[in-house]
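Notes follow once the structure below has been shown.
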Amino acid sequence: MTDPTITAHDRYLTLNYPRYPITITHASGSTLTDSTGKTYTDLFAGFGAGILGHCHPDLVAAANDQMNKVWHVGNLLHTEPQTRLAQHIAQKGFNGRSYFCHSGSDANEAAFKLARLHGQNKRHKIIATNQSFHGRGFAAMMATGQDKVRSGFAPYLPGFEHVPYNDLDAVKHKIDPETIAIIVEPIQGEGGMNVPDPAYLPGLRDLCDRHDLLLICDEVWTGCGRTGKWFAYQHSNIEPDILTLGKAIGCGLPVGVMCANERAAKYFDFNHYGGVPHATTLGGAPVPTAVSAAMFDIIERDNLLARAESLGDEITERWNSLAQSTPAVTRVRGKGLFLAVELNPKNACFDNAFDVVAKALDQGLVINACQQNILRIAPPLNIPTDQLNPALTLLEKLITDDT
Ligand SMILES: Cc1ncc(COP(=O)(O)O)c(C=O)c1O
């Protein structure tokens with residue numbers, strides 16, 4: 001029998017998402033339950049947003065507590081959770097000022113507006129990288145280095161230029177007197193789980209310092225402990241001027257953050273600008289930001305950064321052995337609990353990585369493919385090992401056709 005949710009969806013929603021014919025009705029920890037009662041181990045956590053899994057009791061308590069206090073008053077008044085969240089972000093590594101919005105794309109739009117203000121009508125160009133992904137808002141789409149994301153949306157917004165990822169010389173040659181900022185993902189997620197050389201981010205920082213450019217780190221995927229540090233740039237001993245966050249920062253509720261150091265943040269100052277330079281009605285709303293602030297406390301309390309790092313190392317080692325024994329696996333990509341295997345479908349029992357994702361769903365496992373040959377996982381940082389290990393075994397069997 002067709003699920004009535006899916007029948008109604010097909011009639012009433014825009015059909016922009018290629019959804020699997022599964023309706024999830026409940027979720028808890030790292031387990032999803034669908035409308036037929038079938039359960040799934042979730043190794044992808046809603047594109048990584050479920051950094052603490054589903055319905056974490058402490059997050060539910062934080063949401064309930066805030067729901068009974070105040071939901072929304074608008075940003076002409078103060079509310080305590082958004083201030084507390086901004087304090088957490090500043091104290092966990094990026095000592096900046098936060099602007100709150102609803103998504104990763106929103107956060108990047110804010111970063112680009114800030115960069116343009118920093119350019120003071122003299123400089124406006126932003127350098128981004130090929131294969132990057134920065135969101136679907138108009139400017140975020142322009143920064144995104146994938147033609148398929150922009151296709152059909154001409155005329156394009158000017159001022160965004162692209163260079164190969166992990167190529168400092170290419171950036172150096174692209175900088176001109178109109179350049180104002182560089183945006184980079186510390187690890188490219190959607191573009192293929194690409195980890196740059198250790199010298200890349202420090203090299204970008206150096207170029208930004210020498211040319212008075214803003215370095216924008218898009219940590220929508222990599223932030224909030226995903227890679228074993230609060231923010232992935234912390235692996236490189238540098239600081240960006242602007243940090244953008246989405247996905248995990250809301251633990252599944254819509255929170256985006258554009259956090260800027262003093263040098264940059266002053267351009268969003270009401271008094272400096274002489275009016276409101278940027279705003280959004282529901283940005284920093286009390287319930288999502290109360291949940292987000294609680295997430296920082298839980299990750300710290302439960303030592304989950306160290307867990308992300310050590311589990312990530314274990315899985316990497318396990319998959320490196322798989323790559324040695326299986327021609328279908330070429331190599332392992334990623335860091336912490338943001339990991340992928342690069343597949344060689346020519347030597348495999350499947351056509352492409354999407355094929356493996358569909359087979360996994362059939363067998364009660366949620367994973368993801370971001371390219372034809374890249375299969376990836378981003379499980380909750382607190383996934384129990386007795387749930388993770390059998391899920392990894394199943395995934396490996398699907399790749400090696402040993403089922
Ligand atoms: C690095 C990066 N930046 C920005 C975005 C856009 O975030 P959102 O989908 O929340 O708008 C994404 C989404 O995948 C992303 O991976």
Side-chain angles (χ1 to χ4, degrees), residues 14 16-19 44-51 94 99-115 126-146 148-150 153 160 162 165-166 181-196 200-201 204 215-227 231-233 240 242-259 280 282-285 288-289 291-292 295 333-340 368-371 374 376-378:
T14 59
N16 51 315
Y17 299 110
R19 296 180 203 260
F44 198 55
F47 285 80
I51 193 98
F94 190 78
Y99 163 83
F100 292 114
C101 48
H102 315 297
S103 70
S105 177
D106 281 357
N108 287 328
E109 297 283 331
F112 300 143
K113 284 183 73 174
L114 192 59
I126 292 165
I127 298 175
T129 58
N130 296 343
Q131 293 301 112
S132 60
F133 189 82
H134 299 295
R136 307 263 182 176
F138 224 94
M141 174 177 73
M142 289 300 121
T144 292
Q146 301 185 48
K148 67 178 184 201
V149 173
R150 284 191 289 264
F153 296 106
F160 291 89
H162 294 88
Y165 190 63
N166 198 24
I182 297 170
I183 182 165
V184 69
E185 293 160 86
I187 296 175
Q188 280 190 335
E190 303 311 302
M193 305 291 289
N194 305 313
V195 182
Y200 186 55
L201 283 186
L204 291 180
L215 179 61
I216 305 169
C217 275
D218 178 341
E219 298 236 16
V220 169
W221 243 124
T222 51
C224 305
R226 173 63 55 207
T227 70
F231 308 116
Y233 74 76
I242 298 177
L243 169 72
T244 57
L245 300 171
K247 297 191 194 288
I249 189 78
C251 300
L253 296 182
V255 180
V257 188
M258 191 279 307
C259 192
T280 183
L282 287 164
T289 51
V291 168
S292 180
M295 175 264 294
R333 298 184 182 190
K335 203 173 186 60
L337 286 177
F338 191 36
L339 290 172
N368 178 259
C370 59
Q371 306 277 325
I374 307 291
R376 64 181 172 168
I377 62 168

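Both ligands and their constituent atoms are indexed starting at 1 by order of listing. These numbers were taken from a predicted model, which means no experiment stands behind them.
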Requested in this report: Mind checking the OG1-CG spacing from Thr280 to Asp106? Nearest 0.5 Å is all I need.
Outcome: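 Output value for this atom pair is 6.5 Å.
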Requested in this report: Measure the acute angle between the ring planes of Phe44 and Phe47, then classify it against the limits of 30° and 60° as parallel, tilted or perpendicular.
Outcome: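 Geometry flag for Phe47 against Phe44: perpendicular rings.
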Query - Test applied, side chain to side chain contact (heavy atoms under 4.5 Å, CB included); reference residue, Met258; option that passes from Leu245, Thr244, Ile216 - result: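 That would be Thr244; it is the only one of Leu245, Thr244, Ile216 passing the side chain to side chain contact (heavy atoms under 4.5 Å, CB included) with Met258.
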Report task. Could you tell me whether the side chain of Glu109 and the main chain of Gly104 form a donor-acceptor pair under 3.5 Å? Result ->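 Looks like no, no N/O pair under 3.5 Å.
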**Report entry** Those protein residues which place at least one heavy atom below 4.0 Å from ligand 1
**Finding:**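 Contacts of ligand 1 under 4.0 Å: Ser103, Gly104, Ser105, Asn108, Phe133, His134, Gly135, Glu185, Glu190, Asp218, Val220, Trp221, Lys247.
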Query raised in the report: Does the side chain of Leu339 come within less than 4.5 Å of Arg333's, by heavy atoms?
Result: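 In short, these two side chains do not touch, never coming nearer than 4.5 Å.
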Query - Tyr200 atom OH, neighbour heavy-atom count above 12 within 6.0 Å - result: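 It does: Tyr200 OH has more than 12 such atoms within range.
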